[in-house]
Amino acid sequence: MSNVFKAIIILHIMIKICSCSLVTFDEPSASVSIGENQIFYNNECVAFSFSEEINKTIVENLIILKEENATADIDFFWLGNTCFVKSKGGFKKGCKYSISLKGSLLANEGNAFQLDIYREFIFGNEEDIFEIVKTEEPKTNDKINNALRFSFNKPVSAASFDRAFSISPNQDLSIEYSDDKRLVTIKAKDNWRANVFYSWTLNDLLNVDGAKARKNYSGVFMARQKTQEIKIQTACPFCNNVFYTEKKLNELWESDSIGIIFDCEMNFESVRKGVYFEPAIEGSWEKIDQNSFVFTPYENYEINKKYTMTVSKNVEDSFGIKLHEDKNYFFQIQNQFIELEAFCEGQKLAKDGLNLIEIQEEIPFFLELRFSKVLAQKSIENLSKAIYIDNFFPENISPPIITSITPSKANPSQIKIECRYFDLPLGTDEFIYKIKIKGGANFIYDNNNECLKEDECYLISLKKSL
């Protein structure tokens, strides 16, 4: 075949091809029901629509759904060429989701194609957002603004808040909710610790409708700051509601309480647990004020026994600052004497002068002896041998007669003495007598063999009332 003929045939074929209708093959495509820049989405499912029938198994294997960056289980269902996707149990309001479809797909016609679809969204509407609108943290050393407060734009779930809130270091807290559940106030049940930075977090918080907060929250604060160390001002005897700060513990009486005064406000529970005695003494603690505390023994201290009171370094002030080191106090209860106060007709008698007492003729008058200790029963039974009333002036008068000696039921350390005047001398209306209470170990004594040290004497001038 000549070259000219070949050229004619090729030209004919080309003309035939050019004269035929143009045939094209469009590649399969897909769309998703969430816009590329869409933030909120509130439909029950995310829909992937394909331009032609597609291999469903491959599609389902390529779709990945994440809830708050964690892979979520998916429910699928199809309607024609559209795949509907949702989280098992449904999307949660306020939660952040991401969904992707990436990889090689196969149409039922045999055409393979690539897809790369990725969307992020917050489930719900913009008005459904649940968030903190204001946070107030405790202000350092401010006794009024010492609470952690959260204000929400919607009512918060109390159960969710209790789970979501955490604080470090741990603190015993009280959590209060306002009536509308939009304000949460958190306070330390005792006191925030001093010089401590607290860090708090709120994670995965829900409101009363089950909507999740748009983000997690955290913060740091220091509620109290103190640099001064604790000091013990005194440890001293305490009696009759008085701190005898001028006295040392060695001057304790056997039944006295012990008072401790600090230079700052203290944590009472730490004082109660942090002060101990060797040998052990059972007793009770009382808080007098923020700085002052009293220990009262259940039983009397033992005479001549040596004791040690330790204020340990675990004692702490209201800031949580602890004592620098253990502080020891040594004391020994010395053998002590019984003290006495005498009264006649309610008037206290002085030892160093004449006591003027008005009485009515032929009517009994009363003496009262107030001892510092409860007398032993045997001593009480023999009081008639220890108490005397003698004439002093003039010499020719007869003294009053003691008719009864009776211990007080309300206070056994007090003795009431009834006296009667039977022989009034003529020619005078005033008579002086001497009351004598015998001292020494054989007369006035208690169960610990403490006694009235020496004889006690009082001069009384009895004058008839007008």
Side-chain angles (χ1 to χ4, degrees), residues 239-240 251-256 299-304 333-360 362-425 430-463:
C239 185
N240 297 323
E251 300 177 77
L252 279 170
W253 283 29
E254 62 188 286
S255 61
D256 279 350
E299 298 180 358
N300 291 349
Y301 312 104
E302 294 186 33
I303 302 299
N304 295 325
I333 307 301
Q334 304 294 333
N335 189 28
Q336 297 166 335
F337 295 103
I338 295 175
E339 295 188 2
L340 168 65
E341 289 183 329
F343 295 80
C344 182
E345 292 295 291
Q347 177 179 325
K348 185 176 180 180
L349 302 181
K351 298 178 184 179
D352 54 357
L354 183 62
N355 298 276
L356 303 178
I357 308 295
E358 287 189 354
I359 64 169
Q360 296 184 24
E362 297 184 356
I363 294 179
F365 66 93
F366 294 90
L367 297 173
E368 185 180 350
L369 304 182
R370 300 180 185 178
F371 296 100
S372 59
K373 307 289 179 68
V374 176
L375 302 186
Q377 183 61 35
K378 191 172 181 180
S379 176
I380 293 174
E381 292 171 356
N382 293 318
L383 279 177
S384 60
K385 299 177 182 179
I387 302 171
Y388 298 91
I389 302 178
D390 292 325
N391 59 307
F392 185 79
F393 180 84
E395 295 181 358
N396 62 339
I397 60 174
S398 298
I401 304 298
I402 296 176
T403 55
S404 67
I405 300 176
T406 309
S408 168
K409 292 182 179 180
N411 191 339
S413 65
Q414 297 180 9
I415 307 297
K416 192 171 185 179
I417 302 170
E418 182 184 278
C419 303
R420 283 186 178 272
Y421 207 110
F422 293 107
D423 187 12
L424 290 178
E430 186 174 3
F431 317 100
I432 300 175
Y433 303 93
K434 180 169 71 174
I435 301 172
K436 182 179 180 180
I437 298 94
K438 293 183 67 67
N442 295 324
F443 295 99
I444 305 296
Y445 54 88
D446 65 6
N447 288 324
N448 292 318
N449 293 320
E450 295 181 2
C451 64
L452 194 64
K453 183 177 182 181
E454 56 190 5
D455 293 351
E456 301 262 352
C457 296
Y458 304 89
L459 293 178
I460 62 172
S461 174
L462 297 179
K463 185 176 181 179

(request) Tell me, please, which residues at least two apart from K434 pass side-chain hydrogen bond (donor to acceptor under 3.5 Å, both in side chains). (result) none
(message) Within this structure, what is the NZ-CD distance for the pair K453 and E450, rounded to the nearest 0.5 Å?
(response) 13.0 Å
(request) List the atom of I402, the atom of C419, and the distance in Å for their closest heavy-atom pair. (result) CG1-SG, 4.3 Å
(message) Nearest 0.5 Å, please: how far is CG in L356 from SG in C344?
(response) 11.0 Å
(message) Which residues pass the side-chain hydrogen bond (donor to acceptor under 3.5 Å, both in side chains) test with N411, not counting sequence neighbours?
(response) S413
(request) Could you pull out all residues at least two apart from D455 that satisfy side chain to side chain contact (heavy atoms under 4.5 Å, CB included)? (result) K436, K438
(message) Is there a side-chain contact between I444 and L340 in this structure, where contact means two heavy atoms from C-beta onward sitting under 4.5 Å apart?
(response) no
(request) Can you see which heavy atom on I338 is nearest to which on K373, and at what distance? (result) CG1-CG, 3.9 Å
(message) What's the separation between atom CZ in F365 and atom CG in L462, rounded to the nearest 0.5 Å?
(response) 5.0 Å
(message) Holding to side chain to side chain contact (heavy atoms under 4.5 Å, CB included), I want the full list of residues that pass it with K416, two or more places apart in sequence or in another chain.
(response) F366
(message) Going by the rule side-chain hydrogen bond (donor to acceptor under 3.5 Å, both in side chains), which residues pair with S461 if we only count those two or more places apart in sequence or in a different chain?
(response) E430
(request) Identify, with sequence neighbours excluded, every residue that meets side chain to side chain contact (heavy atoms under 4.5 Å, CB included) alongside K348. (result) E341, F343
(request) Output the distance between atom CG (L459) and atom CG (D352), rounded to the nearest 0.5 Å. (result) 10.0 Å
N/O donor-acceptor pairs under 3.5 Å from side chains in residues 374-381, not counting sequence neighbours:
from : atom 1 : to   : atom 2 : distance (Å)
S379 : OG     : F443 : O      : 2.7
S379 : OG     : Y445 : N      : 3.4

(message) Looking at D390, I'd like to know if its CG atom is crowded, meaning that more than 12 non-hydrogen atoms belonging to other residues, nucleotides or ligands lie closer than 6.0 Å.
(response) yes
(message) Tell me whether Y388 at atom OH has more than 12 heavy atoms from other residues, nucleotides or ligands lying less than 6.0 Å away.
(response) yes
(request) Using the test salt bridge (Lys or Arg N to Asp or Glu O under 4.0 Å), find all partners of E345 that sit at least two apart in sequence or belong to another chain. (result) none
(message) Which residues pass the salt bridge (Lys or Arg N to Asp or Glu O under 4.0 Å) test with E251, not counting sequence neighbours?
(response) none
(request) Locate the shortest heavy-atom distance separating I460 from L354; write the atom from each residue and the value. (result) C-CD1, 4.1 Å
(request) Tell me, please, which residues at least two apart from T406 pass side chain to side chain contact (heavy atoms under 4.5 Å, CB included). (result) S404
(message) Quick one: does any side-chain atom of D256 pair with a main-chain N or O of C239 as donor and acceptor, under 3.5 Å?
(response) no
(message) If we check side chain to side chain contact (heavy atoms under 4.5 Å, CB included) with L367, which of these qualifies: I387, I405, I389, I415?
(response) I389
(message) Show the nearest heavy-atom pair for residues F337 and W253, with the distance to one decimal.
(response) O-CH2, 4.3 Å
(request) With sequence neighbours left out, write down each residue that passes side-chain hydrogen bond (donor to acceptor under 3.5 Å, both in side chains) with E368, or none if nothing qualifies. (result) R370
